[in-house]
Student: 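Here's a structure for you.
Proteins come first, then strands; the chains are lettered A, B, ... in the order of their sequence lines, and each starts at number 1. Please read all numbers here as calculations on a predicted model, not as lab measurements. The analysis underlying the following values was restricted to heavy atoms, covering all of them including side chains, and did not include hydrogens, waters or symmetry mates.
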Number of protein chains: 2
Amino acid sequence: MNDNGRDADPTRGDAPTFSPLYRQIKGLITRGLQAGDWKPGEAIPSETELAARFGVSQGTVRKAIDELAAENLVVRRQGRGTFVATHHEERAQFRFLRLRRDGGGDPGPMDSRILECRRLRAPVEVARLLQLRAGEAVVFIRRLLSFESRPTVLDDIWLPGALFRGLTAERLAASVGPLYGLFESEFGVRMIRASESIRAVAADPEVAVRLSVIPGRPLLQVERVTFTYEDRPVEVRRGLYVTEQFHYFNELG
Amino acid sequence: MNDNGRDADPTRGDAPTFSPLYRQIKGLITRGLQAGDWKPGEAIPSETELAARFGVSQGTVRKAIDELAAENLVVRRQGRGTFVATHHEERAQFRFLRLRRDGGGDPGPMDSRILECRRLRAPVEVARLLQLRAGEAVVFIRRLLSFESRPTVLDDIWLPGALFRGLTAERLAASVGPLYGLFESEFGVRMIRASESIRAVAADPEVAVRLSVIPGRPLLQVERVTFTYEDRPVEVRRGLYVTEQFHYFNELG
DNA sequence: TAGTGGTCTAGACCACCGT
DNA sequence: CGGTGGTCTAGACCACTAA
């Protein structure tokens with residue numbers, strides 16, 4: 001391990017790029033996370049333990065974990081250890097839902113209602129985004145989010161059928177907490193990052209009914225593709241947001 | 001400097017919070033940036049030089065600069081040095097303009113046309129956001145961004161009058177490159193970060209004419225407050241985006 | 001008190017850039 | 001080649017948590 005090797009992943013077609021030791025260590029730890037060596041919410045081995053195991057210095061392991069923490073794969077807690085990130089407990093799921101009350105601060109308690117959940121053949125656009133073959137099976141979910149019994153977000157969600165076998169409306173209704181928490185503990189699919197494309201659209205009649213707005217009303221359309229380890233897309237989502245008392249919030253660093 | 005002091009800034013009302021050495025060093029470097037010790041685009045002193053100057057180890061300076069680089073205040077270039085970030089050269093100003101072509105990739109060459117530039121008393125809402133007294137002077141700018149001669153973004157911009165004394169329509173028209181580049185080199189105001197609130201709205205008649213759309217058409221409304229050092233707000237901006245062939249792009253980490 | 005992450009140091013060496 | 005940032009090490013000590 002100490003020969004400071006070049007190119008930890010020679011399968012990539014890039015130039016013979018150099019990979020520092022801490023990045024290789026990061027890769028090893030990531031593989032452990034992916035393989036489920038430690039479950040979400042559990043602690044991973046201590047930095048010294050990992051350093052010994054991999055035969056490198058503690059500072060090198062530290063730098064690897066620094067990056068994992070920056071990517072939210074792992075959470076450090078001083079004096080306690082380093083823990084596998086989870087979509088449960090994790091205070092506020094507002095990491096992925098960027099909706100804020102106009103006054104500022106997060107919207108209050110959220111009510112989620114499943115309107116539909118069935119299997120179908122992936123529409124071409126969805127298949128493309130999920131990197132599936134055209135017509136492959138997907139799970140389709142339609143749900144409505146309300147705040148203070150005010151319908152606010154109508155979400156259409158597509159998931160690869162192969163990864164979400166037993167997913168039914170009953171299972172969704174029975175579950176509490178965030179959807180991504182369910183996906184994580186019931187299907188072993190961890191959502192890591194996402195990219196969103198946002199547009200303004202007019203409410204069509206069907207949507208208008210669901211969201212209790214006048215047809216033609218401007219809505220925020222948020223198209224999301226969500227990725228798990230190794231940048232594999234595992235969810236496509238199209239949300240329509242009523243932005244009367246709420247807005248989509250973003251920070252530009 | 002080596003007594004590992006507590007609370008570098010005792011004026012804050014917070015708990016007697018502990019401030020590690022590297023953070024104090026970061027503060028010193030930040031003050032240097034703010035004071036203009038090194039101009040945008042120039043190199044700051046080397047890590048070893050700064051370490052000697054502050055009487056700490058090079059690793060400590062390094063960690064300070066790590067954070068500054070993460071906040072985009074500074075840019076590292078291996079083998080060359082560390083440079084003060086600038087809104088000029090800096091490849092692509094798409095750090096603050098999150099507009100993308102629907103096919104993917106950035107919109108092509110941008111045409112900016114100044115429609116208005118005058119001084120006025122700050123509207124209450126703008127005054128509040130800029131932390132000015134009600135009625136204080138602000139510079140108001142209205143401009144239109146077009147891509148391939150297709151009007152796409154209508155921006156209303158408010159700036160504190162005190163900071164932007166000689167700013168006129170002529171000066172704006174004469175300048176090339178991004179607005180924030182002009183603000184930086186002509187007025188010494190560096191935009192560091194911003195927060196945006198996004199809604200869907202209907203085009204009112206006046207706006208519709210400017211953007212060549214039918215009145216009532218849904219538009220993306222992007223309200224931005226931009227900050228300089230020490231989180232001082234120095235710009236309020238309200239943009240209306242036509243999202244037919246473009247969209248607002250966002251990454252969720 | 002023992003164990004964990006967090007800070008700091010001093011020194012070695014590597015990768016990259018300009019001259 | 002010399003100078004810069006980038007990596008890696010080994011060891012010391014501090015801050016926090018839980019038993």
Student: Tell me whether the side-chain N/O atoms of Thr60(A) come closer than 4.0 Å to OP1 or OP2 in dT7(D).
Tutor: no
Student: Under 4.0 Å from OP1 or OP2 of dG6(D): is there any side-chain N or O of Arg76(B) that close?
Tutor: yes
Student: Please determine whether a side-chain nitrogen or oxygen atom of Arg80(A) lies at a distance below 4.0 Å from atom OP1 or OP2 of dC16(D).
Tutor: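 No, Arg80(A) has no side-chain N/O under 4.0 Å of OP1/OP2 on dC16(D).
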Student: With nearest nucleotides of DNA chain D determined for Gly59(A) and Gly79(A) from heavy-atom distances, which residue corresponds to the more 5′ nucleotide?
Tutor: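 Comparing both residues, the 5'-ward one is Gly59(A).
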Student: It should be established whether Lys63(B) places a side-chain nitrogen or oxygen under 4.0 Å from OP1 or OP2 of nucleotide dC8(C).
Tutor: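 So the side-chain polar atoms of Lys63(B) never come under 4.0 Å of the phosphate oxygens OP1 or OP2 of dC8(C).
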Student: Give the rounded distance in Å between these two atoms: CD of Gln58(A) and P of dT9(D).
Tutor: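 Between P of dT9(D) and CD of Gln58(A): 11 Å.
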Student: Atom CZ of Arg62(B) and atom P of dA10(C): how far apart are they, to the nearest Å?
Tutor: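 Roughly 17 Å, once rounded to whole Å.
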Student: Just call it for Glu47(A): base, sugar-phosphate, or nothing, with non-hydrogen atoms closer than 4.0 Å on any strand.
Tutor: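 The answer is sugar-phosphate, as Glu47(A) gets under 4.0 Å only of primed atoms, P, OP1 or OP2.
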Student: Any cation-pi pair here, Arg77(B) with Phe83(B), using under 6.0 Å and within 45°?
Tutor: yes
Student: Tell me whether the OP1 or OP2 atom of dG5(D) has a side-chain N or O from Thr82(B) closer than 4.0 Å.
Tutor: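 Yes, within the criterion.
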Student: Expressed as a whole number of angstroms, how long is the span from Leu21(B):CG to dC14(D):C1'?
Tutor: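 One finds 13 Å between C1' of dC14(D) and CG of Leu21(B), rounded.
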Student: In whole Å, I'd like the distance from the CZ atom of Arg23(B) to the P atom of dA15(D).
Tutor: 15 Å
Student: Can we say Asp37(B) and Arg31(B) salt-bridge, meaning some charged N sits less than 4.0 Å from an Asp/Glu carboxylate O?
Tutor: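 Salt bridge absent between Asp37(B) and Arg31(B).
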Student: Output the rounded distance in Å from CZ (Phe18(A)) to P (dG5(D)).
Tutor: 18 Å
Student: Salt bridge or not for Lys26(B) and Glu71(B), using N-O below 4.0 Å?
Tutor: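 Looking at Glu71(B) together with Lys26(B), the answer is yes, because their closest N to O distance falls below 4.0 Å.
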Student: Round to the nearest Å and state the distance from Asp66(B) atom CG to dG6(D) atom C1'.
Tutor: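 Between C1' of dG6(D) and CG of Asp66(B): 10 Å.
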Student: What do you reckon, are the aromatic ring centroids of Phe246(A) and Tyr241(A) less than 6.0 Å apart?
Tutor: no
Student: In whole Å, what is the span from the CD atom of Glu67(A) to the P atom of dG6(D)?
Tutor: 13 Å
Student: Write down the distance between CD1 (Ile44(A)) and C1' (dT4(C)), rounded to a whole number of angstrom.
Tutor: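 Rounded to the whole Å, the gap is 12 Å.
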Student: For the side chain of Tyr22(A), starting at C-beta, report the closest nucleotide among dC8(C), dT7(D), dG5(D).
Tutor: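 The closest nucleotide is dT7(D).
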Student: Is Glu223(B) paired with Arg199(B) through a side-chain N to carboxylate O contact shorter than 4.0 Å?
Tutor: yes
